[in-house]
> 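One structure, pasted below without further comment.
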Amino acid sequence: MTNEIRIGPEGRDDALTRALRELYAAPDDPAYWQSLEARILASVAAEGDGWWMPYQQWMRTGLVAAGILVAAAALTLAELRTEQRREAVNSVIETPRTLAHQMATETTPLPDREATLRLVTAP
């Protein structure tokens, strides 16, 4: 078995290969490439409307949609911050004081030494 590329039932056809290479070979003349560039640029200029024109028609709609999304995100963020602040305040207000904290903050008619002793010995 060989790794030779087979073209057709008889194998390689070198004459056909040469003819195809000549047919599809890039032109060597620089004038060809300049005229090709001129034809492409003329075709683009003759179109008037470029490939971007359909997108340009949707630009205003896209900007409005983007603005609405930014406003919604800002409102959501503001509400989230408000809720976080509310939770922080509620956690401070609604948290019961520990016994030691309650004893330390309440005023008692006891002398300072006795209040300190009760604070230290409290469970």
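Along the sequence shown, residues are numbered consecutively beginning with 1.
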> Which residue pairs satisfy the side chain to side chain donor-acceptor pair (under 3.5 Å) criterion with at least one member in residues 21-40, sequence neighbours excluded?
none
> How is the hydrophobic cluster of Leu63 composed, in terms of its other members, when Ile, Leu, Val, Met, Phe, Trp and Tyr link through side-chain heavy atoms under 4.5 Å apart, directly or indirectly?
Met59
> Linking Ile, Leu, Val, Met, Phe, Trp and Tyr through side-chain heavy atoms less than 4.5 Å apart, which residues share a cluster with Ile68?
Val64
> Mind checking salt bridge (Lys or Arg N to Asp or Glu O under 4.0 Å) for Arg81 and listing every partner two or more places apart, or none if nothing turns up?
none
> Salt bridge (Lys or Arg N to Asp or Glu O under 4.0 Å) with Glu79: which residues, sequence neighbours excluded?
none
> List for me each residue that meets side-chain hydrogen bond (donor to acceptor under 3.5 Å, both in side chains) alongside Glu83, sequence neighbours excluded, and say none if there are none.
Arg86
> How long is the gap from CG on Leu80 to CG on Leu75, to the nearest 0.5 Å?
12.5 Å
